[in-house]
Amino acid sequence: MNRSVGTWKWWRRRDEFASPEYLHASPIEDTTSLHEILQDGYFDAEETEMAATARESARNAPEHQEARTVYFTATGEYTTEQEELIMSSLDEATKQLLSIEGATGAAIVDYSSGMALAQGGSPGFDLGVAAAGNSNVVSSKLRTMADLGLDSQIEDILITLDSQYHLINVLNSSGAKGLFVYLVLDRTYANLALARHKLSNIAKAVAI
């Protein structure tokens, strides 16, 4: 049979392994039996004691342990399940705001920090920047009312542009104090009176 050099070498190695000399070769002298290992104290006493302690802890552990759910924000900080439910409700409110005819953007904002707790839509500008800027508008108006001695509450603020309406609905309920709803409307498609009515109803359900 014609074989290549590589194939011939493979056959040669196989023949060597099957040879009587290989099969009857004496075992490696450096091997140690399990009995000798246990008898000669190969295991460190401290490690053996640690293993026993671990086994005892496992036996005493409760069979079922309650799992804690932890949610992580973009900054790496964790939130509780209650906070996650709040964020979910704010996201749902934002979706309802965007369903208003002519709405192009919406946000729920904490005016003390200028942070948008929830936002959505594409109004053609950065909603995060708008949330911070309109926080200054609300805070400034509240300071002016305090200076004037006006004992009243802001319901909403309307800013009219040539192509948009910007509606700011300040939330005054105990569950949403310090927040406002920001809604951007396209003037071509929006009905301002109807949008204000729907915005007011949705804002009443917002709470944290």
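Just so you know, these numbers come straight off a predicted model, no measurement behind them.
- Contact between A118 and D91 at its shortest, heavy atoms only, is CB-OD1, 3.6 Å.
- Residue R196 holds its CZ atom at 9.0 Å from CG of N169, rounded to the nearest 0.5 Å.
- For the residue pair A93 and V206, the shortest heavy atom distance occurs at CB-CG2, 4.0 Å.
- Each of L171 and Y111 belongs to its own hydrophobic cluster when Ile, Leu, Val, Met, Phe, Trp and Tyr are linked at side-chain heavy-atom distances under 4.5 angstrom.
- Hydrophobic clustering places Y182 together with L161 (ILVMFWY residues linked when any side-chain heavy atoms are closer than 4.5 Å, directly or through intermediates).
- Counting non-hydrogen atoms of neighbouring residues, nucleotides and ligands closer than 6.0 angstrom, the CE atom of M115 reaches no more than 12 such neighbours.
- Contact record, L185 with A195: CD1-CB, 3.6 Å, taken as the closest heavy-atom pair.
- Rounded to the nearest 0.5 Å, atoms CD (Q153) and CE (M145) are 8.0 Å apart.
- Within a 6.0 Å radius of CG in D151, no more than 12 heavy atoms belonging to other residues, nucleotides or ligands are found.
- Expressed to the nearest 0.5 Å, how far CG of L199 lies from CG of L194 amounts to 11.0 Å.
- Nearest heavy atom pair, residue L167 against residue L192, reads CD1-CD1, 4.3 Å.
- Clustering ILVMFWY residues whenever any of their side-chain heavy atoms sit less than 4.5 angstrom apart, transitively, puts I108 in a cluster other than the one holding F125.
- I157 places none of its side-chain heavy atoms less than 4.5 Å from the side chain of F180.
- Linking Ile, Leu, Val, Met, Phe, Trp and Tyr whenever their side-chain heavy atoms come within less than 4.5 Å leaves V170 and L117 in two separate clusters.
- Within the 4.5 Å cutoff, the side chain of V181 has no heavy atoms near those of the I202 side chain.
- Separating the CD atom in E92 from the OG1 atom in T94 is a distance of 9.0 Å, to the nearest 0.5 Å.
- Considering all non-hydrogen atoms of both residues, L127 and G120 come closest at CD1-O, 3.3 Å.
- Atom CD in Q119 sits 10.5 Å away from atom CG in L98 (nearest 0.5 Å).
- In the hydrophobic cluster analysis, where Ile, Leu, Val, Met, Phe, Trp and Tyr join through side-chain heavy atoms closer than 4.5 angstrom, V137 is grouped apart from L158.
- The main-chain N or O of I154 is found under 3.5 Å from a side-chain atom of N172 such that the two form a donor-acceptor pair.
- Contact between V109 and A131 at its shortest, heavy atoms only, is CG2-CB, 3.6 Å.
- Side-chain atoms of N134 and I159, non-hydrogen and from C-beta on, do get closer than 4.5 Å to each other.
- One distance of note links OG1 of T188 with CD of Q164; it measures 10.0 Å at 0.5 Å rounding.
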